[in-house]
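Worksheet: the structure to be examined is printed underneath.
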Amino acid sequence: MQTPYELLGGESGVRQLAEELYQVMHAAPEAATIRNMHQKDLSEVADKLFKFLSGWLGGPQLYLEQYGTICLSKPHAGYAIGAKERDQWLACMDRALDNVGASDELKEMLKEPMFNLADVMTNRD
């Protein structure tokens, strides 16, 4: 059975997904709340997401190798993230997965884990 990392096409596919997520977020008026939580230049956060997703999806542990720890709640603690913001991020990720041509199999495989990942970031009702 292939890992999600492999199903996305390895390094290049995961990088494309991370970059696409932030392109979708930047362009989608309905994601303005979460877009405004980020710096104007999204390249650094897209690179960090790529490195995180690489390991999370079953590929090389690039984020862990560079930053030494994976604690997602700490860097997000300064932002008010509730169900609305979580759902905006998930909608952007769903659109990004569609835009990079992710298979239905992969999207179904990631649906619950992506929700759980995003839900961990919530810090308010």
Worksheet item: Would Val24 and Met121 show up in the same hydrophobic cluster when neighbours are defined by side-chain heavy atoms closer than 4.5 Å?
Response: no
Worksheet item: By side chain to side chain contact (heavy atoms under 4.5 Å, CB included), which residues pair with Ala28, not counting sequence neighbours?
Response: Glu30, Ala31, Arg95
Discussion item. How long is the straight-line distance from CD of Gln88 back to CD1 of Ile81, given to the nearest 0.5 Å?
Written reply: 10.5 Å
Response to the item:
Closest non-hydrogen contact found for Leu53 with Met114 is CD2-CE, 4.4 Å
Worksheet item: Just wondering, are more than 12 heavy atoms of other shown residues or ligands nearer than 6.0 Å to OH in Tyr22?
Response: yes
Discussion item. With side chain to side chain contact (heavy atoms under 4.5 Å, CB included) as the criterion, how do Val120 and Leu72 come out once you've worked through the C-alpha distance, each side chain's angles and the decisive distance to 0.1 Å?
Written reply: CA-CA 8 Å; Val120 167; Leu72 297 179; 5.6 Å; no
Discussion item. Tell me whether Asn123 contacts the main-chain N or O of Tyr79 through its side chain, where contact means a donor paired with an acceptor under 3.5 Å.
Written reply: yes
Fill in: Derivation and outcome, side chain to side chain contact (heavy atoms under 4.5 Å, CB included), residues Met93 and Phe115
CA-CA 10 Å; Met93 180 57 80; Phe115 176 86; over 6 Å; no
Worksheet entry | Minimum-distance pair of heavy atoms, taken over all atoms of Gly82 and Thr122 | O-CG2, 3.7 Å
Discussion item. Leu110 vs Trp56, test: side chain to side chain contact (heavy atoms under 4.5 Å, CB included). Steps then yes/no.
Written reply: CA-CA 11 Å; Leu110 294 178; Trp56 190 76; 4.3 Å; yes
Worksheet item: In Å, rounded to the nearest 0.5 Å, how long is the span from CD of Glu108 to CG of Asp104?
Response: 9.0 Å
Practice prompt. Please name all residues satisfying ring-ring contact (aromatic ring centres under 6.0 Å, His included) with Tyr67, sequence neighbours left out, ordered by chain then number.
Written response: Tyr63
Discussion item. Within this structure, what is the CG-CE distance for the pair Leu7 and Met109, rounded to the nearest 0.5 Å?
Written reply: 5.0 Å
Discussion item. Test side chain to side chain contact (heavy atoms under 4.5 Å, CB included) on Val45 and Gln39; report intermediate values, then the result.
Written reply: CA-CA 9 Å; Val45 72; Gln39 296 178 7; over 6 Å; no
Fill in: Closest approach of Pro29 to Ala27 (non-hydrogen atoms, all atoms of both residues)
CD-O, 3.2 Å
Worksheet item: Looking only at heavy atoms, what is the nearest atom pair of Gly58 and Tyr5, with distance?
Response: C-CB, 3.9 Å
Worksheet item: How far does CG of Leu8 sit from CD of Glu6, to the nearest 0.5 angstrom?
Response: 10.5 Å
Discussion item. Using modelled atom types and a 3.5 Å cut-off, is there a donor and acceptor pairing between side-chain atoms of Arg124 and backbone atoms of Ala83?
Written reply: no
Worksheet item: Any side-chain heavy-atom pair from Leu42 and Arg35 closer than 4.5 angstrom?
Response: yes
Practice prompt. Starting at CD of Glu11, measure out to CG of Leu62 and round the result to the nearest 0.5 Å.
Written response: 7.0 Å
Practice prompt. Calculate, to the nearest 0.5 Å, the distance between atoms CD and CG belonging to Glu112 and Leu117 respectively.
Written response: 12.5 Å
Worksheet entry | Side-chain donor or acceptor of Asp47 paired with backbone N/O of Ser43 under 3.5 Å | no
Worksheet, complete the sentence: Heavy-atom closest pair (Leu57 atom, Pro4 atom, distance to 0.1 Å) is O-CD, 3.4 Å
Practice prompt. Could you tell me whether Lys111 and Asp94 make a salt bridge, using a distance below 4.0 angstrom between a side-chain N and a carboxylate O?
Written response: no
Worksheet item: Salt-bridged, Glu65 to Lys51, with N to O below 4.0 Å?
Response: no
